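Residue numbering restarts at 1 for every chain, and letters A, B, ... go by the order of the sequence lines. Keep in mind that what you see is a predicted model, and the values were worked out from it rather than measured.
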Number of protein chains: 2
Amino acid sequence: MARSGNGVEPPQPPGDGAPTAELPKVTDRAVGRARAIPEAAVARLAVYLRVLSAMADQGAVTVSSEELASAAGVNSAKLRKDLSYLGSYGTRGVGYEVEVLVSEIERTLGLTRKQTVAVVGIGNLGHALANYAGFPGRGFPVEALFDVDPDLIGVPVGGLPVQHIDDIPKVCAQKRIAIGIIATPPAAAQGVCDRLVAGGVQCILNFAPVVLQVPSHVEVRKVDLAVELQILSFHVARKAEQRHAGRSAAKRAERNGRAPANRAGQRNGGRATARRTPSNGEVV
Amino acid sequence: MARSGNGVEPPQPPGDGAPTAELPKVTDRAVGRARAIPEAAVARLAVYLRVLSAMADQGAVTVSSEELASAAGVNSAKLRKDLSYLGSYGTRGVGYEVEVLVSEIERTLGLTRKQTVAVVGIGNLGHALANYAGFPGRGFPVEALFDVDPDLIGVPVGGLPVQHIDDIPKVCAQKRIAIGIIATPPAAAQGVCDRLVAGGVQCILNFAPVVLQVPSHVEVRKVDLAVELQILSFHVARKAEQRHAGRSAAKRAERNGRAPANRAGQRNGGRATARRTPSNGEVV
DNA sequence: CCGATTTTGTGCACACGTTCACAAGCGTTA
DNA sequence: TAACGCTTGTGAACGTGTGCACAAAATCGG
Ligand SMILES: NC(=O)c1ccc[n+]([C@@H]2O[C@H](COP(=O)([O-])OP(=O)(O)OC[C@H]3O[C@@H](n4cnc5c(N)ncnc54)[C@H](O)[C@@H]3O)[C@@H](O)[C@H]2O)c1
Ligand SMILES: NC(=O)c1ccc[n+]([C@@H]2O[C@H](COP(=O)([O-])OP(=O)(O)OC[C@H]3O[C@@H](n4cnc5c(N)ncnc54)[C@H](O)[C@@H]3O)[C@@H](O)[C@H]2O)c1
């Protein structure tokens with residue numbers, strides 16, 4: 001089956017014209033302009049935005065990188081570097097103006113125009129998502145709900161009637177849905193995904209524990225709670241193992257929180273990359 | 001370890017006593033043993049485990065790294081490296097035995113002994129979590145539910161009665177709860193977190209959009225859906241911007257799925273780090 | 001107007017993660 | 001047994017992300 005399924009993740013740069021071109025060791029080139037915000041930074045910007053909004057609500061006018069960093073649970077140097085991707089909006093010796101940062105981050109994250117959302121699979125999780133006030137509150141109005149269950153079709157959930165999944169392409173195109181959230185059973189996820197893509201949806205947030213195959217222009221992020229728990233489980237196991245075996249060094253650091261250079265708050269950052277349909281139809 | 005664990009990956013060596021020590025350029029040193037599984041790899045191991053379980057159910061006996069990688073949406077080299085952290089369980093020229101991999105991954109992730117879970121905040125999301133069959137199905141039995149709402153106390157959800165949050169420390173200690181899931185409103189999250197910690201809970205999965213402060217021996221992971229959407233939003237914005245501005249190069253690559261350097265399937269990997277109570281009590 | 005103080009913005013070095021590429025090992029076949 | 005083909009395991013190169021440390025700006029006080 002050759003390389004890896006979908007085939008195309010070549011070592012060479014895109015090289016539109018000449019795939020075999022022997023380019024030396026140019027690092028960036030390729031794309032048009034220069035500055036590209038690192039994936040990891042984007043995730044943190046979203047967190048800063050939340051913290052800043054809360055600060056603004058409390059009447060704060062300016063923040064220093066130190067303050068903001070500590071509230072967001074990151075290192076202040078990292079914070080400054082992250083903010084520097086937006087441009088230079090701070091004042092040395094003073095700090096950042098909260099309002100300015102908020103609007104700059106919003107602009108960068110593309111939150112100036114609302115991104116409409118559709119939820120597919122109105123079961124336990126789908127209900128919660130459809131009712132969640134935090135989405136519209138943050139510029140992500142939920143404008144369509146879908147399911148297969150005949151008993152659900154037409155029933156309003158969170159003020160919006162559930163529609164049949166066969167209508168996904170039509171409705172999504174019509175309402176210009178930007179983001180699709182998949183909360184169906186795993187087996188149904190790929191089919192739903194395909195319909196969303198057919199409807200012109202550009203981004204998908206997937207709760208079903210499957211790896212989705214999508215065309216390259218579609219962005220997928222997944223949230224897999226079982227995986228989250230397993231990662232936590234790993235850390236517990238590792239700590240327990242350490243406690244039993246290596247009881248020589250590192251003991252007080254482990255116990256009462258001195259935690260030397262405890263750099264960051266809890267994260268789940270990371271990037272998500274789209275993926276093409278592969279040649280082989282592996283099971284999932 | 002020392003690597004990226006919870007507490008100790010300081011610039012300077014922990015050096016309880018001498019923080020200004022002028023260590024040369026030693027790379028690992030520090031703690032006892034050697035191999036530490038990279039954080040990013042742990043997240044993927046969990047995914048491999050799911051895929052492998054599905055394959056086992058379908059009767060597969062062996063897999064090659066190519067097959068498994070493609071099913072899991074990653075590069076095969078990466079997969080092999082990830083598996084190599086477990087030890088050498090493959091057979092050259094043949095592949096891996098599915099059963100062996102499953103049990104090795106389970107052992108490594110600490111899934112050999114069940115990790116009991118408590119859910120706090122039985123609202124929209126909490127209900128979904130409490131009813132989710134995927135948790136007990138994967139070795140994470142939900143054994144306690146908590147809320148403050150008097151109307152909820154005593155009501156069974158998913159076959160388990162909801163208890164009052166004041167009982168969290170007692171019940172968690174008694175039932176040896178390993179993982180606490182927080183699904184309360186943001187304002188209540190820190191308080192709940194403190195009680196969970198008091199009850200001896202080692203890991204916390206936090207759905208509330210706040211940065212939790214915990215002692216260093218507690219591991220926190222957060223799931224912030226608004227942040228996920230914002231990251232997606234960023235990518236949409238960037239693509240749109242590119243389409244408008246840089247219409248010189250990279251055009252067909254963008255459209256019909258050629259996907260230049262399409263490296264991996266969708267991820268949300270990343271690490272979570274514990275965090276001590278900070279010196280300043282910043283708002284959140 | 002100048003120096004002290006504060007805090008940003010960033011060059012640099014290092015750690016981490018990813019990918020390549022290939023030798024080492026295994027099974028099979030002649 | 002020897003030669004061959006296949007697949008693992010891993011060294012090394014590369015790219016990305018993190019954190020330090022300091023020069024550059026701005027404000028304030030005298
Ligand atoms: N409930 C949770 O807390 C939780 C946690 C983690 C992951 N998940 C995942 O989220 C997904 C949904 O979980 P849930 O607990 O809400 O399940 P659920 O069974 O309660 O709901 C699933 C819904 O999807 C609908 N559905 C089934 N096939 C469909 C299709 N082809 N198209 C559209 N809708 C379809 C069903 O009618 C039902 O309403 C699952 O993949 C699950 O693994 C859920
Ligand atoms: N619903 C979603 O889809 C969704 C999505 C993303 C994030 N979240 C986050 O998850 C959390 C819960 O969301 P929800 O929609 O389930 O909210 P909800 O209002 O439906 O439920 C919150 C529950 O927490 C309980 N609660 C309040 N204070 C408490 C306390 N001090 N201790 C224990 N329980 C307490 C309430 O009684 C209620 O039952 C929120 O922080 C929200 O931001 C929810």
Task: Whole-Å distance separating the OH atom of B:Tyr85 from the C1' atom of D:dG9 - done: 12 Å
- [ ] Would you tell me if any nitrogen or oxygen in the side chain of B:Ser65 comes within less than 4.0 Å of OP1 or OP2 on D:dT8?
- [x] yes
Protein N or O to nucleotides 26-29 of chain C N or O, pairs below 3.5 Å:
residue: C:dC26; atom: O4'; partner: B:Arg92; partner atom: O; Å: 3.4

Task: Nearest heavy-atom neighbours spanning B:Leu49 and B:Ile105 - done: CB-CG2, 3.9 Å
Task: Spacing of OH belonging to A:Tyr96 relative to CG belonging to A:Leu68, to within rounding of 0.5 Å - done: 8.5 Å
- [ ] Mind calculating the distance between CD (B:Glu39) and P (C:dG17) to the nearest angstrom?
- [x] 8 Å
Task: Spacing of B:Arg44 atom CZ relative to C:dG17 atom C1', expressed in whole Å - done: 8 Å
Task: Residue closer to the 5' end of DNA chain D, B:Tyr89 versus A:Ala77 (nearest nucleotide) - done: B:Tyr89
Task: Atom pair CD (B:Glu39) and CZ (A:Phe234), whose distance is rounded to the nearest 0.5 Å - done: 7.0 Å
Heteroatom pairs (N/O) under 3.5 angstrom, protein to nucleotides 11-13 of chain C:
residue: C:dG11; atom: O6; partner: A:Lys81; partner atom: NZ; Å: 3.2
residue: C:dC12; atom: N4; partner: A:Lys81; partner atom: NZ; Å: 3.2

Open item on the list: Measuring only between side-chain heavy atoms, which start at C-beta, is B:Thr108 closer than 4.5 Å to B:Ile37?
Closed with: yes
TODO: Nearest whole angstrom, please: distance from the C1' of C:dC20 to the CG of B:Asn75.
DONE: 9 Å
Task: Qualifying salt bridge (charged side-chain N to carboxylate O under 4.0 Å, His left out) pairs with a residue from residues 79-96 of chain B, counting only residues at least two apart or across chains - done: B:Arg44-B:Asp82
TODO: Could you check how far CZ of A:Arg80 sits from P of D:dA24, rounded to whole Å?
DONE: 16 Å
Open item on the list: Please enumerate all residues that pass side chain to side chain contact (heavy atoms under 4.5 Å, CB included) together with B:Thr91, with sequence neighbours excluded.
Closed with: B:Val94
- [ ] Kindly compute the distance separating SG (B:Cys203) from CZ (B:Arg221), expressed to the nearest 0.5 Å.
- [x] 10.5 Å
- [ ] Write down the distance between CD (A:Glu66) and P (C:dG9), rounded to a whole number of angstrom.
- [x] 14 Å
TODO: First locate atom OG of A:Ser65, then atom CG of A:Leu83, and finally report the distance between them rounded to the nearest 0.5 Å.
DONE: 8.5 Å
Open item on the list: Need to verify one output field. Residue with the more 5' nearest nucleotide on DNA chain D, A:Pro38 or B:Gly87?
Closed with: B:Gly87
- [ ] Assess the side chains of A:Ser233 and B:Gln115: does a donor N or O sit below 3.5 Å from an acceptor N or O?
- [x] yes
Open item on the list: Suppose we screen for salt bridge (Lys or Arg N to Asp or Glu O under 4.0 Å). Which residues come up paired with B:Glu104, at least two apart in sequence or across chains?
Closed with: B:Arg107
- [ ] Spell out, as yes or no, whether a donor-acceptor pair under 3.5 Å connects the side chain of B:Glu67 to the backbone of B:Ser64.
- [x] yes
- [ ] Determine: side-chain N/O of A:Ser88 to OP1/OP2 of C:dG9, distance under 4.0 Å, yes or no.
- [x] yes
Open item on the list: Please give me the minimum heavy-atom distance between B:Val211 and B:Gln190, naming the atom from each residue.
Closed with: O-OE1, 4.1 Å
- [ ] Check the distance between C:dG17's P and B:Ile37's CD1 and give it to me in whole angstrom.
- [x] 12 Å
- [ ] Starting at atom NZ of A:Lys78, determine the distance to atom P of C:dC16, rounded to an integer number of angstrom.
- [x] 13 Å
- [ ] Note down the inter-axis angle between the two ends of the helix from C:dC1-D:dG30 to C:dA30-D:dT1, five pairs each, to the nearest 10°.
- [x] 10°
